[in-house]
Amino acid sequence: MTDLEIRWIQMVSTAEEKAMFGLNSLHDDAILAADAELKRLREAVRDLNALIIYAQETMAAYLVPDGIDADQAIERVIELLDGPRQREIQKAAFAALKETT
């Protein structure tokens, strides 16, 4: 039985129906744990994607004629790749990945 099938049964079934499929509270706990891991992974991907978008915006601001100069672009990229926010995001992403392995 797939995780998706188990989740569906857990959500819509009565206690008798769950017992018929051999499911119990341990399955509920496993589903809750998987949901929490999935939430952390989604947050990590969202935050990493935000860093990528900021880098793209920085490059776009540098490339337009009246945009930022090279020094400003480099400063932003350094902060982006080696700043406190990046370290926080990367640490959370590594932690979320570690939990899934």
Side-chain angles (χ1 to χ4, degrees):
M1 191 176 305
T2 68
D3 289 342
L4 184 59
E5 290 169 326
I6 292 172
R7 288 185 72 189
W8 174 253
I9 292 167
Q10 295 293 80
M11 290 186 321
V12 300
S13 301
T14 65
E16 282 181 13
E17 291 168 329
K18 289 178 186 178
M20 187 172 63
F21 287 101
L23 301 175
N24 56 39
S25 64
L26 292 176
H27 290 96
D28 289 336
D29 293 344
I31 289 170
L32 290 174
D35 283 346
E37 282 183 20
L38 181 59
K39 180 181 178 189
R40 285 187 291 278
L41 283 170
R42 284 184 173 156
E43 289 171 353
V45 169
R46 183 199 65 226
D47 291 344
L48 288 169
N49 196 42
L51 288 177
I52 292 167
I53 290 169
Y54 183 73
Q56 292 168 332
E57 290 171 349
T58 297
M59 292 300 101
Y62 171 68
L63 293 173
V64 296
D66 294 331
I68 61 175
D69 63 26
D71 289 340
Q72 289 173 311
I74 291 169
E75 184 178 318
R76 285 186 187 183
V77 170
I78 289 171
E79 181 181 339
L80 175 72
L81 297 177
D82 194 32
R85 179 76 177 129
Q86 175 275 332
R87 287 187 213 105
E88 176 185 318
I89 289 170
Q90 191 172 31
K91 182 179 177 181
F94 284 146
L97 288 173
K98 186 176 180 180
E99 290 173 7
T100 62
T101 58

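Side chains included, hydrogens not; waters and symmetry mates left out as well; all remaining heavy atoms used.
- Remark: E57 CD to I52 CD1 distance equals 12.0 Å, nearest 0.5 Å.
- R46 and E43 are not joined by a salt bridge, as no carboxylate oxygen comes within less than 4.0 angstrom of a charged side-chain nitrogen.
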Under the salt bridge (Lys or Arg N to Asp or Glu O under 4.0 Å) rule, what do R85 and E88 come out as? Steps first, then yes or no, please.
CA-CA 5 Å; R85 179 76 177 129; E88 176 185 318; 2.9 Å; yes
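- Under the 3.5 Å distance criterion, the side-chain polar atoms of Q72 are matched with a main-chain donor or acceptor of D69.
- At a threshold of 4.5 Å between side-chain heavy atoms, the hydrophobic network of Ile, Leu, Val, Met, Phe, Trp and Tyr places M59 and L81 in one connected group.
- If you run side-chain contact (heavy atoms from CB on, under 4.5 Å) between Q86 and each of L48, D47, L51, I78, only L51 comes through.
- The side-chain contact (heavy atoms from CB on, under 4.5 Å) test with T58 is passed by exactly one of L80, I74, I68: I68.
- Shortest non-hydrogen contact noted between A96 and A44 is CB-CB, 4.5 Å.
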